Amino acid sequence: RQKEPFESETKTSPPLVDDVSPELGAEHASAVRQLRRFGSDAGFQEGNIMANTVGKLSFSNKFILAPMVRVGTLPMRLLALDYGADIVYCEELIDLKMIQCERVVNDVLETVDFIAPDERVMFRTCSKEKDRVVFQMGTADPKRALAVAQLVENDVAAVDVNMGCPKEYSTKGGMGSALLSDPEKIEAILTTLVRGISKPVTCKIRILPTIEETVNLVKRIEKTGVSAIAVHGRMKEERPRHPVHCDYIQAVAESVSIPVIANGGSVDHVKTHDDIEKFREATGASSVMLARAAMWNPSVFRSQGAVSVDEAMEEYIKYAVRYDNNTFNTKYCLCQMLKDRVESPMGKQLHAAQTSAEI
């Protein structure tokens, strides 16, 4: 392991352009012309406009692997990308744990690892996903959130704040869906991140009791400068057995100009790849984020149609071995893919496995 400092690398803006080049594209060229017309009263420079817009991850018209605790580790993310996902989110990682980590280049696995003081790998990533992986954190504090974002920003494509998880381990610290009742803190966290890092910032929320309340919150979130917002169409008290509220997501999508990512359709709406587009149309969203449907079979992202679960499991195991995934994490993910076959002879064998070789 080769230790490296985690501070953000110094970034230099592209040189200023004397003439508006057609190679800039219409959006960038328009921004440059506008600055020249009105001067720099807004405190911007042409070079900064270029630095802030070129090469950023787009959240429009995307199919996305949702953040899932214990599931969204490196093997699942890479497998989802192989099958056609455009963007993958890691599992929620808590700021208090991440802030203690050291960034380590793992030359053996060809990964970048974030290692906790007890030697556990909290987050592992690699070059194959660098431009498409979003780091999701659980946080309730702007300063800690920024410290974690700066720690990982050079190894990920974007940073997301979890504002939708209803589980106690998240809400008891004021994180996850607990933030929904504290819009001032939401604004403080997101504004601090947007100003403090060079990568796009997003957040993932659940809906509030009324459409009006949900839309008002999302409008406040949009003003912080985030690049996109994912909306799980259930309230924090609701569970997967409750129907997803497509009308809430649609109202949000119609009220803001940033991309809205629809989430929560796995049980009722998405069984096949074609269903992903139907769910997007039903919600009016720009993009779709899948959790359970992808957990059960990540090849749901495959445009030619899903492969068998057994084939997907084999491919998952290859990545788990290649990247030295935690054995018990591998076993957990495979058991989720087995679903009701977990009590079959193979499922019982898998459950009893204690090493990657046995798996």
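Everything numeric here is computed off the predicted structure, so don't read it as measured data. Along the sequence shown, the residues carry numbers beginning at 1.
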Does any part of the side chain of [Y], heavy atoms only, come nearer than 4.5 Å to the side chain of [X], both counted from C-beta?
X: I99; Y: V148; answer: yes
X: R280; Y: N61; answer: yes
X: V161; Y: L190; answer: yes
X: K331; Y: I359; answer: yes

State which residues pass side chain to side chain donor-acceptor pair (under 3.5 Å) with [X]; sequence neighbours excluded, sorted by chain then number.
X: E187; value: R220
X: E91; value: none
X: T283; value: none
X: D274; value: none

May I have all residue pairs that pass side-chain hydrogen bond (donor to acceptor under 3.5 Å, both in side chains) and include part of residues 284-295, sequence neighbours excluded?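 Pairs touching residues 284-295 that pass the test: none.
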For I221, does its backbone N or O pair with a side-chain atom of T224 as donor and acceptor, under 3.5 Å?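 Indeed, once roles are kept as given, a pair shorter than 3.5 Å links the two residues.
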Under 3.5 Å donor-acceptor pairs involving side-chain atoms of residues 337-345, not counting sequence neighbours:
{"from": "R341", "atom 1": "NH1", "to": "D310", "atom 2": "OD1", "distance (Å)": "3.3"}
{"from": "R341", "atom 1": "NH2", "to": "D310", "atom 2": "OD1", "distance (Å)": "2.6"}
{"from": "S344", "atom 1": "OG", "to": "R341", "atom 2": "O", "distance (Å)": "2.6"}
{"from": "S344", "atom 1": "OG", "to": "G347", "atom 2": "N", "distance (Å)": "3.1"}

Check this for me, if you would: do D86 and K62 make a salt bridge, where the nitrogen-to-carboxylate-oxygen distance has to be below 4.0 angstrom?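 Between K62 and D86 there is no salt bridge, as every charged N stays at least 4.0 Å from the carboxylate O atoms.
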Thinking salt bridges, do E315 and K318 make one under a 4.0 Å N-O criterion?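 Yes, E315 and K318 are salt-bridged.
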Non-neighbouring partners of [X] that pass ring-ring contact (aromatic ring centres under 6.0 Å, His included), sequence neighbours left out:
X: F59; result: none
X: F279; result: H269
X: F135; result: F123

Suppose the criterion is ring pair (Phe, Tyr, Trp, His ring centres under 6.0 Å): which pairs have a residue in [range], not counting sequence neighbours?
range: residues 309-351; result: none
range: residues 173-192; result: none
range: residues 210-259; result: H245-Y248

Using a distance-only test with no angle check, is there a side-chain donor-acceptor pair under 3.5 angstrom linking [X] and [Y]?
X: E168; Y: T171; answer: no
X: D141; Y: T139; answer: no
X: Q354; Y: T327; answer: no
X: E110; Y: S127; answer: no

Applying the side chain to side chain donor-acceptor pair (under 3.5 Å) test to D155, which of K199, R103, K130 qualifies?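 Going through K199, R103, K130 one by one, the side chain to side chain donor-acceptor pair (under 3.5 Å) with D155 is satisfied by R103 alone.
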